[in-house]
Amino acid sequence: MSGLPLSRAPIPGDDPPAPRPGGIAARALGLGQSAQSYLDKLNPEQRLAVETLDGPVLVLAGAGTGKTRVLTTRIAHLLATGRARPYEILAVTFTNKAAREMKNRVGDLIGGVLEGMQWLGTFHSIGAKLLRRHAELVGLKSGFTILDTDDQIRLMKQIIAAEGIDEKRWPARQLAGWIDTWKNRGLSPKDVPESDAHAFADGRGRKLYAAYQDRLKTLNAADFGDLILEPLKILRENPDVLADYHRRFRYMLVDEYQDTNVAQYLWLRLLAQGRENICCVGDDDQSIYGWRGAEVDNILRFEKDFPGATVIRLERNYRSTAHILGAASHLIAHNESRLGKTLFTDRTDDDDTAKVFVSSSWDSEEEARAVGEEIEQLQRKGHLLNEIAILVRASFQMRSFEDRFVTLGLNYRVIGGPRFYERQEIRDALAYFRVVAQPADDLAFERIVNTPRRGIGDATVKLLHDRARARRVPLIDAAEELIETDEIAARTRTALRDLIAAFNRWRGQVDHLRHTDLAEIILDESGYTEMWQADRAADSPGRLENLKELVRSMDGFDSMIGFLEHVSLVMDADSEASADAVSIMTLHSAKGLEFDTVFLPGWEEGLFPSQRTLDENGRAGLEEERRLAYVGITRARKRAYIRFASNRRIHGLWQTSIPSRFLDELPEAHVDVTEDTSTYGGYGMNAYGASRFDNRDPFQNTYATPGWQRAQKNRGGAAESTMGGYGNFSGPKSSQRYLEGELVAKSVVSGGSGYKAGERVFHQKFGYGKITGIDGNKLTIDFDKAGSKRVLDSFVERH
DNA sequence: ATCTTTCTAGTTTTT
DNA sequence: CTAGAAAGAT
């Protein structure tokens, strides 16, 4: 049965009528008899979260506790009880995927397709919508373009150059980073604090930010940050506009509240001041985006920000075994900045569930091999590869797994690589479409003016820029003028004239052709398709295929403009691969997903927790890393395998690593520490000097590995680490930084190595060898057994 | 204007 | 080590 259009619901007055079970509203929504049945499917806490409709509500939803169910049922409940019409509900998410899922699931609940919920979307899409409505209030026109990261960087490069600043010393990327930070905090150029202004180019940061914003206005463009910042400005400075939205939004719902940044928070708070009916759902323990502006504080402070708020905890977990939950809970309990929840499960099949496995490998290749073997075993037992994931801290870790799986012939897919709309060929094609749709889009024009090569080089582009600036016209107009002069070579002039003529021709066809046909014509006539056909590179056929896919995907839109708007906001084009394959992804991209079996490799100090995060953010950084570990473990339904490797190649250098402190924070009761025999046996490792470990059980069923003990000592404040009885290897010479008594940073001291070429040395991984070259503290050594390698001096010793 | 060599920096990522 | 970008050579 498909539900009647929701707009048929009775029109409520200022105070919507109380719910009337079986009333017109409920029946129109297809909720007649089953009006209460959707509530019956909830547990008591979930039900409370759905039925507490008035006033501010914070739902602390732990991993796997039915967060989306609460959110969607709450919306359905608001609609079913006639409390609000679809367009009176503001529901914000972070990702398009989440927005889509919410829409679909509410649709399922009301028994049809959800229509009229025009304010359900991502922060950015709703921001864009607000901004288009009131663009003129901040100096934009409603049809503004939304710039992607690429465009932003190119624009900033121009601005930095225009200021006469050396772009090498002050890279545009860095400026982009600062501007992003400022926008995340809701700061316009004038609000940037003195301390921050000095962070870039000797205090010219603020000026560059202002220049960038000016330039955006001239281009009638907005970047992603503006989609939040500008609406905030509008709401702040225009009480009448704000009052209008207060009237409009009877109820507000926010997903993943722990990921909101300051600007988003301010935005929500302003809007919520109207009716105070704001419901935020989130999990402070899963806040892992601090580095891109998310403020855990927003969720920690909720009760202060919204006095009288109801806080509801969802702790009943429907996903994982008690062992997995026990391990994750014990780990996350080490964080101080948290509201505190403890997940539990009703599952009683614990007798045959596994504890969380912890094991080690000699190096990253060994690690990949061990995981590969484990997966093959699971596969033999009939497990689906689709139910297995490998979650890494940093993407460089993926490589060893890919290499291994290729040799094994094991199906895998990497999640979160370059997205469809970020690919070069797609961006180029889109740039053509943008110039057709919006001739003044200088950034798009610049991108494709010489792609494919038509002999319009840097010199000509500079000429165009100068003229455009002098005349205050778009580049394409400047080009049109320039071809009438003799300032450029005849050959270049012809090329430019042809290009402009082509754009005029395509523009003339906009109203006469279907936009998909026009798109094809543009790609053909511009020579763009031909360019890739002529390219002999291995990936060109794939690129051509992508271009076809792009044109196909335009079919779902009714105009070129509509399509472009979609693309700039929806940067994901997820094609659900159906083949059975192991998923490899970062911990960050795993948030929100779940698998039967999860492998968590690389739990080593420096990598996880990441040294850089520790150095830059100290204790807060450490807690965020710990939350990442928590997210990782809680992705598993039945099995979690945590691993660390003793040796890892980082930036081309072999480094010995210490097991992650997080391993120490797991409860023994829920953990199964296994000695990985391949660590010390096989692979001819004995030949490299590892044999001295042979007759020892390095774990003795507790964490007693050499590196582990060293880690313990370091944490206790012991000065130089020694290997206490485990041979004569000495760890890296290090300087340590303590914060509140806890080791947060440890960096290797650089300086002269003190070694000379020709010296014989011993290395724990590679054995004996002779130094053949020295570069600072990096040594090139010709090993007797392992060949020539580059290693840090602190990992070898004189023999 | 384009091809080749040199240099440099090097988590995490959505919109 | 290694990818990507900028400087230098043709």
Side-chain angles (χ1 to χ4, degrees), chain A residues 92-99 121-128 146-149 152-153 157 166-168 171-174 177 180 183-184 222-229 256 259-261 263-264 287-294 364 391-400 415-419 421-422 424 450 453-461 489 491-492 495 565-572 574 585-592 602 606-617 621 624-625 627-628 631-632 648-655 778 780 788-791:
Chain A
V92 271
T93 64
F94 273 86
T95 64
N96 292 298
K97 196 177 160 200
T122 63
F123 271 102
H124 293 270
S125 67
I126 287 169
I146 298 166
L147 300 187
D148 62 34
T149 329
Q152 281 178 57
I153 299 287
K157 273 189 183 162
D166 181 12
E167 210 262 335
K168 267 178 296 179
R173 294 212 145 275
Q174 202 183 324
D180 200 45
K183 288 185 176 177
N184 284 161
D223 64 20
F224 283 120
D226 288 336
L227 296 182
I228 308 295
L229 183 65
E256 306 276 20
D259 287 339
T260 50
N261 61 36
Q264 287 159 337
S287 164
I288 55 173
Y289 285 110
W291 49 274
R292 68 175 197 216
S364 41
L391 312 182
V392 297
R393 172 66 245 260
S395 43
F396 73 81
Q397 292 173 259
M398 292 179 182
R399 200 179 165 149
S400 54
I415 314 275
R419 272 164 293 280
Y421 291 116
E422 276 170 11
Q424 186 192 342
N450 198 33
R453 300 257 140 86
R454 24 175 98 85
I456 303 169
D458 291 349
T460 316
V461 173
R491 184 184 267 219
T492 323
E565 168 80 6
H566 165 83
V567 163
S568 44
L569 288 170
V570 183
M571 292 300 274
D572 69 340
D574 51 351
M585 68 187 95
T586 63
L587 287 161
H588 282 93
S589 36
K591 197 175 87 170
L607 176 58
F608 189 39
S610 144
Q611 190 62 60
R612 195 156 159 184
T613 302
L614 261 38
D615 287 343
E616 285 168 11
N617 301 313
E624 182 155 312
E625 294 284 304
R627 292 193 288 266
L628 208 42
V631 167
R648 196 173 285 279
R649 201 169 52 184
I650 292 168
H651 305 331
L653 294 170
W654 280 100
Q655 298 201 226
K778 292 167 202 141
T780 308
S788 188
K789 307 272 178 199
R790 270 160 62 86
V791 298

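Computed from a predicted model, the values in this text were never measured in an experiment.
Look at Thr586(A) and you'll find a side-chain N or O under 4.0 angstrom from OP1 or OP2 of dT13(B). Between Thr122(A) and the phosphate of dT14(B), there is no side-chain N or O to OP1/OP2 separation shorter than 4.0 Å. Put simply, Arg292(A) has no side-chain N or O that comes within less than 4.0 Å of OP1 or OP2 on dT14(B). For Lys97(A) and dT14(B), the shortest distance from a side-chain N or O to OP1 or OP2 is not below 4.0 Å. For the OP1/OP2 pair of dT15(B) and a distance below 4.0 Å, the side-chain nitrogens and oxygens of Asn96(A) include at least one atom meeting the criterion. Residue Asn450(A) places at least one side-chain N or O closer than 4.0 Å to OP1 or OP2 of dT2(B). Proximity of Arg612(A) to the phosphate of dA9(B): no side-chain N or O atom is located under 4.0 Å from OP1 or OP2. The phosphate of dA6(C) (OP1 or OP2) has a side-chain N or O of Lys157(A) nearer than 4.0 angstrom. Residue Ser589(A) has a polar side-chain atom (N or O) positioned under 4.0 Å from OP1 or OP2 of dT13(B).
Residues Thr586(A) and Arg393(A) form no side-chain contact, since every pair of their non-hydrogen atoms from C-beta on lies 4.5 Å or further apart.
Residue Glu625(A) is classed as a base contact, given a heavy-atom separation below 4.0 Å to a base. If you check every strand for non-hydrogen atoms under 4.0 Å, Ser610(A) touches a base. Residue contacts shown for Arg173(A) are absent, as no nucleic acid heavy atom lies under 4.0 Å away. Within the 4.0 angstrom heavy-atom criterion, only backbone atoms of the sugar-phosphate kind lie near Ile456(A); the bases stay farther away. When heavy atoms are screened at a 4.0 angstrom cut-off, Arg393(A) is found touching base atoms of the nucleic acid.
With distances taken from any side-chain atom of Ser395(A) to the nucleotides dT15(B), dT12(B), dT2(C), the minimum falls on dT12(B). Across dT2(C), dT12(B), dT15(B), the shortest atom-to-atom separation from the side chain of Arg399(A) is found for dT2(C). Closest to the Arg453(A) side chain, of the nucleotides dT2(B), dA1(B), dT13(B), is dT2(B). In this structure, the nucleotide among dT15(B), dA1(B), dA6(C) sitting nearest to the side chain of Thr460(A) is dA1(B). Picking from dT12(B), dA7(C), dT15(B) the nucleotide with the shortest atom distance to the side chain of Ala394(A) gives dT12(B). Of the listed nucleotides (dA1(B), dT12(B), dT14(B)), dT14(B) has the atom at the smallest distance from the side chain of Thr95(A).
Using cut-offs of 30° and 60° on the angle between ring planes, the pair Phe94(A) and Phe123(A) is tilted.
For dA9(B), the base is not stacked against the aromatic ring of His651(A), per a cut-off of 5.5 Å between centres and 30° between planes. Stacking annotation: Tyr289(A) is not stacked on the base of dT13(B) (requires ring centroids less than 5.5 angstrom apart and an interplanar angle below 30 degrees).
The NE2-C1' distance, from His588(A) to dT15(B), rounds to 16 Å in whole Å. Atom CG of Asp458(A) is separated from atom C1' of dA7(C) by 13 Å (rounded to the nearest Å). Nucleotide dT15(B) holds its C1' atom 13 Å from the NE2 atom of His566(A), rounded to whole Å. In this structure, the CD1 atom of Ile146(A) is 13 Å from the P atom of dT15(B), given to the nearest Å. Rounded to whole Å, atom P of dT12(B) lies 8 Å from atom CH2 of Trp291(A). Between the CG atom of Leu628(A) and the C1' atom of dT13(B) there is a distance of 12 Å, given to the nearest Å. Between the CD atom of Gln152(A) and the C1' atom of dT13(B) there is a distance of 14 Å, rounded to whole Å. The distance from atom CG of Leu229(A) to atom C1' of dT15(B) is 15 Å, rounded to the nearest whole Å.
By the 6.0 Å contact criterion, CG on Asp458(A) is open, its count of non-hydrogen atoms from other residues, nucleotides or ligands being 12 or less.
Between the side chains of Asp148(A) and Gln152(A), no donor N or O sits under 3.5 Å from an acceptor N or O.
Without hydrogens or angle criteria, Ser568(A) side chain to Glu565(A) main chain gives a donor-acceptor distance under 3.5 Å. Judged by distance alone, the side chain of Asp223(A) and the main-chain N or O of Leu147(A) form no donor-acceptor pair under 3.5 Å.
Rounded to the nearest Å, the gap between the C1' atom of dT13(B) and that of dT2(C) is 22 Å.
The minimum heavy-atom distance between Ser400(A) and Ser364(A), with the atom names listed, is OG-O, 3.9 Å.
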